[in-house]
Amino acid sequence: MTVNIFPIKAFNDNYIWALDNQTHCIVVDPGDSAPVLEFCKKNQLTLCAILITHHHWDHTGGIDALVSRFPGIPVYGPHNKTIKQITHHLSQGDRIVLPKLDIEFSIIEVPGHTLDHIAYYGDSGLFCGDTLFSAGCGRLFEGSPQQMFTSLAKLTALPANTAVYCTHEYTLANIAFAEAAEPNNQALLEYKQWVKQQRKNNNATLPTSIHKELAINPFLRCYSQELISNVSQNMGVEVTSEQDVFASLRSWKDNF
């Protein structure tokens, strides 16, 4: 069965990922119900499940209206009592089956951006919310640098050809910082040109891939000698481990 994956635009830069088989669909992190309902109506689709990665409002705000319009659909998400609409709470290693689309996902716990953050991984790709972005990673609102470093390591251990579906169009801004951190990264410079053309045409720069991110994303390249040198110089600290590099890099990005 062919599954289509489409980015429904929401707010300024959110993507609500919709997976459909031309009759049914699931959505990931519906912060706003209106564009989802419009997408379903336009394509004559029945919403059959909602997947949530973490509790932030721009990922959960549309749940109530969608459940009201499609009563009884399952809502999958992390163990967080503040997301009251969740019907199936998920932990590391859990597997879910979505029979209407004949797809499965395994659950990866990825604390860092928030403590409750999870990601969904399957043949369709990786849906990682605000943990891994193209050329960047999520800001640490609740977790520690060590937690995020470990979470990203879980994701980069996935097959290199894994498609990565994150939930914000941050790529160009992330590239600006990545260039400051590792200005002689040729793969990054080439990627920048492609991204600029995509955005000029109002196209999404996502999905990306694990392979691409390992080549261009500074937060996954904490071993790079050029990056280490630039982090030390810019932050005025001596970094000795990849975890130290990551923590300093994240702090630098927060004030970039």
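The chain is numbered in sequence order, starting from 1.
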Derivation and outcome, side-chain contact (heavy atoms from CB on, under 4.5 Å), residues Thr87 and Tyr76 | CA-CA 6 Å; Thr87 59; Tyr76 298 90; 5.9 Å; no
Any side-chain heavy atom of Leu19 within less than 4.5 Å of one from Leu101?
-> yes
Rounded to the nearest 0.5 angstrom, the OG1-CG distance for Thr2 and Asp102 is 11.0 Å
Taking atom types as modelled and ignoring hydrogens, do the side chains of Thr205 and Gln198 form a donor-acceptor contact shorter than 3.5 angstrom?
-> no
I would like to know whether Phe6 and Phe39 meet ring-ring contact (aromatic ring centres under 6.0 Å, His included); could you show each step before the answer?
-> CA-CA 10 Å; Phe6 182 81; Phe39 175 81; 5.4 Å; yes
CZ of Arg69: more than 12 outside heavy atoms within 6.0 angstrom?
-> no
Output for pair (Phe256 CZ, Arg250 CZ), nearest 0.5 Å, gives 12.0 Å
4.5 Å side-chain heavy-atom contact, Val164 and Leu132 | yes
Heavy-atom side-chain proximity of Cys25 to Cys48 below 4.5 angstrom | no
Does CD in Glu142 sit with more than 12 non-hydrogen atoms of other residues, nucleotides or ligands closer than 6.0 Å?
-> yes
Answer yes or no: does atom CD of Gln193 have more than 12 heavy-atom neighbours from other residues, nucleotides or ligands under 6.0 Å?
-> yes
Give the intermediate values and the outcome of ring-ring contact (aromatic ring centres under 6.0 Å, His included) for residues Phe141 and His56.
-> CA-CA 10 Å; Phe141 285 112; His56 283 163; 5.4 Å; yes
Enclosure of Asp254 CG (heavy-atom neighbours >12, cutoff 6.0 Å) = yes
Mind checking whether Thr131 and Leu155 have side chains closer than 4.5 Å, heavy atoms only?
-> yes
Would you confirm whether Lys9, through its side chain, and Asn14, through its main-chain N or O, come within 3.5 Å as a donor-acceptor pair?
-> no
Any side-chain heavy atom of Tyr120 sitting closer than 4.5 Å to one from Leu126?
-> no
Strictly by modelled atom types, are Glu182 and Asn230 linked by a side-chain donor-acceptor pair under 3.5 Å?
-> no
Any idea how Tyr191 and Trp194 line up, ring-wise: parallel (<30°), tilted (30 to 60°), or perpendicular (>60°)?
-> parallel
Have Ser134 and Glu213 got a donor and an acceptor in their side chains that come within less than 3.5 Å?
-> yes
Would you say the ring centroid of Phe105 lies under 6.0 angstrom from that of Phe127?
-> yes
CD1-CG distance between Ile8 and Leu37, expressed to the nearest 0.5 angstrom | 9.5 Å
Taking atom types as modelled and ignoring hydrogens, do the side chains of Thr167 and Asp29 form a donor-acceptor contact shorter than 3.5 angstrom?
-> no
Under 3.5 Å side-chain donor-acceptor pair for Thr171 and Asn174 = no
State whether the side chain of Thr156 and the backbone N or O of Ala153 hold a donor-acceptor pair below 3.5 Å, judged by distance alone.
-> yes
Is it true that the side chains of Gln147 and Ser151 contain a donor and an acceptor less than 3.5 Å apart?
-> no
Can you name the closest pair of heavy atoms from Leu115 and Gly143 and give their distance?
-> CD2-CA, 3.8 Å
Would one find more than 12 heavy atoms of other residues, nucleotides or ligands at under 6.0 Å from atom CG of Asn12?
-> no
I would like to know whether Leu227 and Val245 meet side-chain contact (heavy atoms from CB on, under 4.5 Å); could you show each step before the answer?
-> CA-CA 9 Å; Leu227 188 147; Val245 175; 3.5 Å; yes
Enclosure of Gln233 CD (heavy-atom neighbours >12, cutoff 6.0 Å) | no
What about Tyr165 and Ile103, same hydrophobic cluster or not, with Ile/Leu/Val/Met/Phe/Trp/Tyr joined at side-chain heavy-atom distances under 4.5 Å?
-> yes
Over 12 non-hydrogen atoms of neighbours within 6.0 angstrom of NE2 in His211 | no
Within a strict 4.5 Å, meaning less than it, do heavy atoms of the Leu152 and Leu220 side chains meet?
-> yes
From Glu190 atom CD to Gln186 atom CD, the distance as rounded to the nearest 0.5 Å | 5.0 Å
Measure across Cys137 and Met148 and return the closest heavy-atom pair with its distance rounded to 0.1 Å.
-> SG-CG, 4.5 Å
Verify, without hydrogens or angle tests, whether Asn80 (side chain) and Thr82 (backbone) share a donor-acceptor contact under 3.5 angstrom.
-> yes
Minimal heavy-atom distance between Leu98 and Ala49, with the atoms involved, is CD2-CB, 3.9 Å
Hphob cluster co-occupancy, Val67 + Leu51, side-chain heavy atoms under 4.5 angstrom = no
Mind running side-chain contact (heavy atoms from CB on, under 4.5 Å) on Ser241 and Asp244 for me, showing each step along the way?
-> CA-CA 5 Å; Ser241 68; Asp244 288 342; 3.2 Å; yes
To the nearest 0.5 Å, what is the distance between OG (Ser224) and CD (Glu242)?
-> 10.5 Å
Determine the minimum heavy-atom distance between His89 and Pro78, stating which atoms define it.
-> CD2-O, 3.2 Å
Could you tell me whether the side chain of Glu104 and the main chain of Ile96 form a donor-acceptor pair under 3.5 Å?
-> no
Determine yes or no for a side-chain-to-main-chain donor-acceptor pair under 3.5 angstrom, with Thr162 supplying the side chain and Pro159 the backbone.
-> yes
Going by distance alone, is a donor N or O of one side chain under 3.5 Å from an acceptor N or O of the other, for His168 and Asp13?
-> yes
Which heavy atom in Ala178 sits nearest to a heavy atom in Ala135, and how many Å separate them?
-> CB-O, 4.5 Å
Considering all heavy atoms of both residues, which atom of Ile5 and which atom of Ser124 are nearest to each other, and what is their separation?
-> CD1-O, 3.7 Å
Asn185 side-chain N/O to Ala187 backbone N/O, donor-acceptor pair under 3.5 Å = yes
Arg221 vs Tyr223, side-chain contact (heavy atoms from CB on, under 4.5 Å): CA-CA, chis, key distance, verdict | CA-CA 5 Å; Arg221 297 176 56 78; Tyr223 58 84; 3.1 Å; yes
Is it true that Ile26 and Ile63 fall in one hydrophobic cluster, defined by side-chain heavy atoms closer than 4.5 Å?
-> no
pair Asp130-Phe133: side-chain heavy atoms closer than 4.5 Å = yes
Under 4.5 Å between any side-chain heavy atoms of Leu66 and Asp64, yes or no?
-> no
If two hydrophobic side chains count as joined below 4.5 Å and joins carry through other members, does Val28 share a cluster with Ile108?
-> no
Are the side chain of Thr53 and the backbone of Ile118 linked by a donor-acceptor contact shorter than 3.5 Å?
-> no
N/O donor-acceptor pair under 3.5 Å between Ser232 side chain and Ile228 backbone = yes
Would you indicate whether Gln22, at its atom CD, is surrounded by more than 12 heavy atoms from other residues, nucleotides or ligands within a distance under 6.0 Å?
-> no
His113, His54, His117 screened by ring-ring contact (aromatic ring centres under 6.0 Å, His included) with His59, the one that passes | His54
Nearest-0.5 Å distance that lies between atom CZ in Phe219 and atom NZ in Lys253 = 6.5 Å
